[in-house]
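Step one of this worksheet: look at the structure below.
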Amino acid sequence: MFNYVSWRAFMTFAVVKDILAGKFAVGDTLVVRGWVRTRRDSKAGISFINVHDGSCFDAVQVVAPNTLPNYEAEIQKLTTGCSVAVTGSVVASAGQGQDFELQVSHLEVLGWVEDPDTYPMAPKRHSMEYLREFAHLRPRTNVAGAVTRVRHCLAQAVHRFFHERGFYWISTPIITTSDAEGAGELFRVSTLDLMNLPKNQDGSVNFKEDFFGKEAFLTVSGQLNVETYACALSNVYTFGPTFRAENSNTSRHLAEFWMIEPEVAFADLDDVAKLAEDMLKYVFKAVLEERADDMSFFAERIHKDAITRLQQVVENDFVHMDYTDAVEILKNCDKTFEYPVEWGTDLQSEHERYLAEEHVGAPIILKNYPRDIKAFYMRQNSDGKTVAAMDVLTPGIGEIIGGSAREERLDLLDRRLAEMNLPKEEYSWYRDLRRYGTVPHAGFGLGFERLVAYVTGMQNIRDVIPFPRSPNNADF
RNA sequence: UCCCCAGUAGCUCAGUUGGUUAGAGCGGUGGACUGUUAAUCCAUGUGUCGUUGGUUCGAAUCCAACCUGGGGAGCCA
């Protein structure tokens, strides 16, 4: 009787993906390790066990004959979730559904499921809400596994896309002492004793005693920081976690999410709109090519158009539209909206949905929004009332990208800061970029989880990140 | 934070003009059958009916508050 742990140095280990892809010759003996998905016994004297290891969507079928010494004592007791190391030879499958399978010569149980009745991941359909309560076990499900592989594929494709175009990845800080980024509520970072706060004479908290000697927060955006590198290395991007302490309870918001923010020197709004379009097409194509197995699953079980709509996006030019024109379209369409459309107000979700889902039926780029509803740093257009801002709206998810040309003219930037009552001193280093060798530049922010949700067709953003954080929920 | 909906078996849900012993499918378990493949067939167990309080002779069912989840809105990525 040999033992998996002591013999592992002499074995050929294989992942399920390679076995199913035919990378081994029939007759090769190898070891596959993974978790049992299902077991079916045949009175012909064999058991069929599906073993998955995460390397691809499908599990490998291992065929265990009843001549194995532990057949009755162990193999027939295997249940969903058990971990196993299976030694066997590759054979052409006699059954349908797979080309190759493993004829077992030795099967070692590494870990039992102590009570199959209580194992939460039963081999049956579960709701996403239920699976969310088991964030530590849901990775073993088909759907979480598929999401994980697609998410990884997208992340790799994003890095590859930028690398191929000469962009540098900049790690912008996660902790910031600027509370004036203007993009939402911030999480405080502090080492002060909450029960015994140091106070100033006027009763306010004395943050000079805090770790950084001043108030500190988790970042809500790397943009302001990454602009400094764009104004030196020309083409840069961030890809990292972002935090918003907003009390948002929706299927498309997280308190902790990942964001990709390219920033391009010497670029205008149309340049980055093109960049956004090229990037989305590039990563969609990568997923279609590299994760066909997982995408088939999404098309079959999650969203029937999951594959076809990506193909359509890849093959067609994005529709570009000015905010002003969009307002006219919304005013003149025969659809009745709950909220009226007026030039100068922000578009409501229902308006964005109509444009992306009904008017175009594909992602749409909206550009040149009214100045008064947008952030201080956005470049003012010569019409005196709009800024060079854009949103990329997708059917189902809504906004997945928000971007703009940045105001590079110091006098115009200062005027906006004053109009919006933002303290100039807080932006001294940001203003320095405009004082010393300023250049036109532009960029955008892409919500990574929203991208994953759009690609997979998953309806809730909490199911496309391993451990979602949202108001009142930070378990695991 | 606001509006709407839901909470009954391990899971998904049915069950309300208030009435005795609470129902199905799936999963689990036992068996039959079978190169099976989310197999099929037979058998089988399981319930503080979200919590607290109220109305009532009597509450899963009606009322109130709270908790949790979902959908929508706002904020945005």
Side-chain angles (χ1 to χ4, degrees), chain A residues 37-51 58-65 76-77 79-81 91-98 101 103 113 115-134 141-142 181-185 220-223 238 241-261 276 300-301 338-339 346-353 373-375 391-394 397-403 444-454 459-463 465 470-473:
Chain A
R37 179 146 284 146
T38 57
R39 188 197 87 235
R40 296 173 296 280
D41 299 324
S42 167
K43 269 298 178 301
I46 49 178
S47 286
F48 300 96
I49 303 155
N50 279 67
V51 177
D58 289 311
V60 67
Q61 172 161 281
V62 306
V63 184
Q76 287 205 296
K77 292 191 170 62
T79 59
T80 304
V91 296
S93 180
Q96 290 176 349
Q98 63 278 317
E101 61 192 22
Q103 184 68 31
V113 167
D115 179 1
D117 203 25
T118 63
Y119 183 56
M121 302 293 106
K124 56 158 293 187
R125 247 198 144 113
H126 290 297
S127 66
M128 292 299 158
E129 294 80 35
Y130 173 77
L131 293 178
R132 223 172 281 152
E133 295 173 32
F134 301 93
T141 62
N142 280 333
E181 288 172 2
E185 299 292 311
V220 294
S221 165
Q223 181 202 317
T238 72
T242 311
F243 307 87
R244 307 261 167 104
E246 266 137 31
N247 194 7
S248 299
N249 290 291
T250 79
S251 58
R252 56 189 186 282
H253 286 88
L254 290 166
E256 176 182 296
F257 63 100
W258 287 63
M259 190 152 66
I260 296 148
E261 298 173 286
E300 200 176 304
R301 293 293 178 82
E338 193 181 338
Y339 295 90
D346 218 350
L347 297 180
Q348 302 289 316
S349 273
E350 56 175 348
H351 305 140
E352 296 183 346
R353 290 181 79 104
I373 58 172
K374 288 294 183 181
D391 282 351
V392 177
L393 311 175
T394 52
I397 309 287
E399 181 183 348
I400 66 167
I401 287 177
F444 62 81
L446 165 71
F448 186 56
E449 282 74 20
R450 288 187 180 177
L451 176 72
V452 179
Y454 178 71
Q459 291 192 331
N460 196 310
I461 200 164
R462 297 171 193 192
D463 301 319
I465 187 167
S470 56
N472 237 324
N473 179 17

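So that the names make sense, note that chain A is the first sequence line, chain B the second, and so on, each numbered from 1. Just so it is clear, the values below take in all heavy atoms, side chains as well, and ignore hydrogens, waters and symmetry mates.
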Check your understanding: So what does A/D41 touch, heavy atoms closer than 4.0 Å: a base, only the sugar-phosphate, or nothing?
Key -> base
Check your understanding: For A/E101, which contact category applies under a 4.0 Å heavy-atom criterion: base, sugar-phosphate, or nothing?
Key -> base
Check your understanding: Which heavy atom of A/H351 sits nearest a heavy atom of A/Y339, and at what distance?
Key -> NE2-O, 2.9 Å
Practice item. Kindly point out which of B/U29, B/A77, B/G69 is positioned nearest to the side chain of A/R132? Key: B/G69
Check your understanding: How many Å lie between CZ on A/R37 and C1' on B/A38, as a whole number?
Key -> 10 Å
Review point. Looking across every strand, which nucleic acid part, if any, lies under 4.0 Å from A/G445 by heavy atom: base, sugar-phosphate, or nothing?
Key: sugar-phosphate
Study note, to complete from the structure: 5'-most contact on RNA chain B (nearest-nucleotide basis), A/L347 vs A/V91, goes to A/V91
Point to revise | Check: A/E338 main-chain N/O paired with A/E350 side-chain donor or acceptor under 3.5 Å | key: yes
Point to revise | Closest contact, heavy atoms only, A/V220 versus A/F243 | key: CG1-O, 3.1 Å
Check your understanding: So does A/N249 get a side-chain nitrogen or oxygen closer than 4.0 Å to the phosphate oxygens (OP1/OP2) of B/U1?
Key -> no
Check your understanding: Nearest of B/G35, B/G70, B/A73 to any side-chain atom of A/R353?
Key -> B/A73
Practice item. For A/I401, answer base if it contacts any base atom (sugar-phosphate contacts may also be present), sugar-phosphate if it contacts only those atoms, and nothing otherwise; contact means non-hydrogen atoms under 4.0 Å. Key: sugar-phosphate
**Study point:** Closest non-hydrogen atom pair, A/P471 against A/E246
**Key:** CG-O, 3.9 Å
Exercise for review: For A/N247, report the nucleic acid contact type (base, sugar-phosphate, nothing); a contact means any heavy atom under 4.0 Å.
Suggested key: base
Check your understanding: What pair of heavy atoms forms the shortest contact from A/T38 to A/P123, and how long is it?
Key -> CG2-CB, 4.3 Å
Practice item. Record whether the side chain of A/H126 comes under 3.5 Å of the base of B/C11 through a donor-acceptor pair of N or O atoms. Key: no
Study note, to complete from the structure: Separation of B/G69 atom C1' from A/M128 atom CE, nearest Å, is 15 Å
Check your understanding: With both distances under 3.5 angstrom, what nucleotide forms a Watson-Crick or G-U wobble pair with B/A43?
Key -> B/U29
Practice item. Could you tell me whether the side chain of A/E350 has a donor or acceptor atom within less than 3.5 Å of a complementary atom in the base of B/G72? Key: no
Review point. Is a side-chain donor or acceptor of A/R252 paired with a backbone partner of A/R450 at a separation under 3.5 angstrom?
Key: no
Practice item. Assign each of A/Q459 and A/Q98 to its nearest nucleotide of RNA chain B by heavy atoms, then name whichever residue's nucleotide is nearer the 5' end. Key: A/Q98
Revision key, fill the gap. Ranking B/G70, B/G35, B/C76 by distance to the side chain of A/A94, first place goes to B/G35
Review point. Does a side-chain N or O from A/S42 land closer than 4.0 Å to OP1 or OP2 of B/G35, or not?
Key: yes
Point to revise | Residue A/P123, side-chain atoms from C-beta onward, closest of B/G28, B/A73, B/G35 | key: B/G28
Review point. Does the pair A/E261 and A/S221 meet the rule for a side-chain hydrogen bond (donor to acceptor under 3.5 Å, both in side chains), with working shown?
Key: CA-CA 8 Å; A/E261 298 173 286; A/S221 165; 2.9 Å; yes
Practice item. Please determine if a side-chain N or O atom of A/N460 lies less than 4.0 Å away from the OP1 or OP2 oxygen of B/G71. Key: yes
Practice item. Taking atom C1' in both B/U46 and B/C26, compute the distance separating them and give it to the nearest angstrom. Key: 14 Å
Check your understanding: Under 4.0 Å: is that the gap between some side-chain N or O of A/Q348 and OP1 or OP2 of B/A73?
Key -> no
Review point. Which nucleotide in the set B/U36, B/G71, B/A38 lies at the smallest distance from any side-chain heavy atom of A/R301?
Key: B/A38
Review point. Does A/F448 stack onto the base of B/A77, taking stacking as ring centres under 5.5 Å apart and planes under 30° apart?
Key: no
Check your understanding: Taking atom P of B/G35 as reference, at what distance in whole Å does atom NZ of A/K43 sit?
Key -> 11 Å
Check your understanding: Which whole number of Å gives the distance between the P atom of B/G28 and that of B/A64?
Key -> 42 Å
Check your understanding: So, A/Q459 versus A/S251: side-chain donor-acceptor pair below 3.5 Å or not?
Key -> no
Point to revise | Paired nucleotide for B/U51 [Watson-Crick or G-U wobble; both distances under 3.5 Å] | key: B/A65
Study note, to complete from the structure: Partner of B/U1 under the Watson-Crick or G-U wobble criteria, both distances under 3.5 Å, comes out as B/A73
Exercise for review: Describe the nucleic acid contact of A/R125 in one word from base, sugar-phosphate, nothing, applying a heavy-atom distance below 4.0 Å.
Suggested key: base
Point to revise | Given B/A77, B/C11, B/G35, the nucleotide with the shortest approach to the side chain of A/S93 | key: B/G35
Check your understanding: So, does the side chain of A/E133 form a donor-acceptor pair with the base of B/U68 at under 3.5 Å?
Key -> no
Exercise for review: May I ask you to say what A/Y130 touches in the nucleic acid, namely base, sugar-phosphate or nothing, with a heavy-atom cut-off under 4.0 Å?
Suggested key: sugar-phosphate
Practice item. Looking at every strand, decide which applies to A/Q61 at a 4.0 Å heavy-atom threshold: base, sugar-phosphate, or nothing. Key: base
Review point. For A/W258 and A/E449, which heavy atoms make the closest approach, and how far apart are they?
Key: N-OE1, 2.9 Å
Practice item. In whole angstrom, give the distance that lies between atom CD1 of A/I397 and atom P of B/G72. Key: 10 Å
Point to revise | Any A/S248 side-chain nitrogen or oxygen under 4.0 Å from OP1 or OP2 of B/C76 | key: no
Point to revise | Closest to the A/E246 side chain, choosing from B/C75, B/G27, B/A77 | key: B/C75
Review point. Just how far, in rounded Å, is C1' of B/C75 from CG of A/L254?
Key: 14 Å
**Study point:** C1' spacing across the pair B/G53 / B/C67, given as an integer number of angstrom
**Key:** 15 Å
Review point. Can you tell me if A/R244 and A/T242 form a side-chain donor-acceptor pair at under 3.5 Å?
Key: no
Point to revise | Atom-to-atom span, CD of A/E352 to P of B/A77 - whole angstrom | key: 11 Å
Exercise for review: Could you check whether A/R39 gets within reach of a base, just the sugar-phosphate, or nothing at all, counting any heavy atom under 4.0 Å?
Suggested key: nothing
Practice item. Could you work out the separation of B/C62 and B/G7 based on their P atoms and round it to a whole Å? Key: 10 Å
Check your understanding: What interatomic distance, in whole Å, is found between C1' of B/G47 and the corresponding atom of B/A24?
Key -> 15 Å
Exercise for review: Tell me which nucleotide among B/G35, B/U68, B/A77 gets nearest to the side chain of A/N472.
Suggested key: B/U68
Review point. Which value, in whole Å, describes the distance between the C1' atoms of nucleotides B/G71 and B/A65?
Key: 23 Å
Review point. Would you say B/C75 has OP1 or OP2 under 4.0 Å from some side-chain N or O of A/R252?
Key: no
**Study point:** Nearest-Å distance once atom P is located in both B/A60 and B/G19
**Key:** 10 Å
Review point. What nucleotide, of B/G70, B/A38, B/U29, holds the atom closest to the side chain of A/T79?
Key: B/U29
Review point. Just to confirm, is there a sub-4.0 Å distance from OP1 or OP2 of B/U36 to any side-chain nitrogen or oxygen of A/S47?
Key: no
Study note, to complete from the structure: Separation of B/G72 atom P from A/Y339 atom OH, nearest Å, is 14 Å
Practice item. Nearest whole angstrom, please: distance from the C1' of B/G71 to the CZ of A/R462. Key: 12 Å
Point to revise | Same-atom distance (P) from B/U8 to B/G50, integer angstrom | key: 6 Å
Check your understanding: Is the phosphate of B/G74, meaning OP1 or OP2, less than 4.0 Å from a side-chain N or O of A/T250?
Key -> no
Review point. Now, which nucleotide makes the Watson-Crick or G-U wobble pair with B/U56, with each of the two distances under 3.5 Å?
Key: none
